[in-house]
Amino acid sequence: FPSHDRSKQESIIRIFLADHQEIFLDGLKQFFSGFENMEVVGGSNTDIDLIVTIAQTRPDLVLLDAMLPHTQLSSVVQSIQQIGNNSKVFILYGQYADELLLNLLSAGVHGIASKYISKSELEKAIFQVLNSQSFYCAFTYKKLQHLIQSNRYYPHTKFSQIHFSEKEKVILQCIAAECTSKEIADQLSMSVRTVESYRKSMQEKTGSKNSAGLVLYAIKNGLIPIEKS
C-alpha cells in the first residue's frame with residue numbers, strides 16, 4: 001500500500017461477529033457497514049474453527065452471541081484473551097438468566113447487552129468498549145444491581161481491607177459516570193497517562209479485571225450509590 005493508504009488501513013476498526021441467528025448476524029453486518037471506519041473481518045453462526053478464525057482475522061472487537069451452539073462462553077472468552085491481540089469482547093444475549101450474567105462477569109468481558117438494545121445505544125456501547133470503557137445496557141445494569149443487593153454477587157473483598165485516597169474515589173466516581181480518561185483528566189487537571197495509572201492501580205488492588213469490575217466493587221462497598229428501582 002502507499003503510505004496514506006496504509007495509514008487509513010491501520011485506522012480501520014476490525015469487527016468479528018458470531019451469532020447463531022443468521023438473520024440477526026446479517027443485521028449486525030448491515031449495521032456496521034454504515035460506519036466508514038469499521039470493517040467486518042469475519043462472521044460465524046457456529047462454533048466451528050471460531051477461535052482459529054478470530055486469531056487469523058485479529059479483530060479489535062468480537063461481538064459474541066451468548067447462545068452460540070456447542071460453546072462454553074467463559075472458555076471462548078478466555079481463548080480470545082489468550083490470543084494476545086487485545087481484542088475487546090462484547091456479549092449480546094437474547095434471553096436473560098442470572099447465571100448467564102454471573103458467568104459473563106467472571107469471564108471478564110468488556111461489554112454485555114440484551115439483543116433488544118437500540119441501534120443508537122449499541123453505537124455508543126461499541127465506541128465506549130473500544131475506548132477501554134466497560135459497558136452494560138440499562139436492563140443488564142439493573143439486573144447487576146439486583147444481584148449485588150440480594151448478595152448473590154460478590155465482586156471483591158470487603159472495602160474496609162482496601163484504602164482509597166480521596167483522589168482515587170473521585171476518579172472512581174467519574175469512571176462510574178462513564179467518563180473517558182480524557183474527560184476525567186480535563187476535569188481534574190491531570191494528564192491522561194496519570195488517570196490511566198490511577199485506574200490500573202485501583203484495578204490491581206481490588207483484583208478487578210477491567211473498569212466494570214472496578215465499578216461493581218465501588219457499588220458493593222458503598223462508594224457509588226445504587227439507584228432505587
Would you sort out whether L100 and L73 count as a side-chain contact (heavy atoms from CB on, under 4.5 Å), showing the intermediate values? CA-CA 9 Å; L100 169 65; L73 270 180; 3.8 Å; yes
Are [X] and [Y] side-chain neighbours, meaning at least one heavy-atom pair lies under 4.5 Å?
X	Y	result
V41	I15	no
L50	L68	yes
E99	L102	yes
L61	L63	yes

[Y] backbone acceptor or donor facing [X] side chain under 3.5 Å:
X	Y	answer
D65	A18	no
T57	T53	yes
H110	F90	no

Distance from E39 atom CD to F16 atom CZ, nearest 0.5 Å?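 Here the rounded value is 13.0 Å.
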What's the spacing between S114 OG and L122 CG if we round to 0.5 Å?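 Those atoms lie 11.0 Å apart.
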So, using side-chain contact (heavy atoms from CB on, under 4.5 Å) as the criterion, who are the partners of [X] when residues are at least two apart?
X	result
S120	S118
T194	M190, S191, Y198
Q30	S33
F24	D19, Q21, L28, L92, K115

At their closest point, which heavy atom of M202 faces which heavy atom of I175, and how far apart are they?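 Looking at all heavy atoms of both residues, the shortest contact is CE-CD1, 4.4 Å.
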Closest contact, heavy atoms only, I12 versus M38: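 It is CG2-C, 4.2 Å.
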Atom pairs and distances, side-chain donor-acceptor, residues 126-139, under 3.5 Å, sequence neighbours left out:
from : atom 1 : to   : atom 2 : distance (Å)
Q128 : NE2    : S134 : O      : 2.8
N131 : ND2    : F127 : O      : 2.9
S134 : OG     : A212 : N      : 3.1

ILVMFWY cluster, V76 and M67 together (side-chain gap under 4.5 Å):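 They do not share one cluster, since no chain of ILVMFWY contacts under 4.5 Å joins V76 to M67.
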Give the cluster check for L144 versus Y116: same hydrophobic cluster or not, with ILVMFWY residues linked at side-chain heavy-atom distances below 4.5 Å.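 L144 and Y116: separate clusters.
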Would you kindly say whether T140 and Y93 are connected by a side-chain donor-acceptor distance under 3.5 Å?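 Y93 and T140 do have a side-chain donor-acceptor pair below 3.5 Å.
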Side chains of H20 and N45: do they bring a donor and an acceptor to under 3.5 Å?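 Result is no, nothing qualifies.
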Any pair with a residue in residues 191-203 that passes salt bridge (charged side-chain N to carboxylate O under 4.0 Å, His left out), sequence neighbours left out, goes on the list, sorted by first then second residue, please.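 Listed by first then second residue: E196-R199.
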Look at the rings of F35 and F31 and say which category their plane angle falls in: under 30° parallel, 30 to 60° tilted, over 60° perpendicular.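 Perpendicular: the ring planes of F35 and F31 meet at over 60°.
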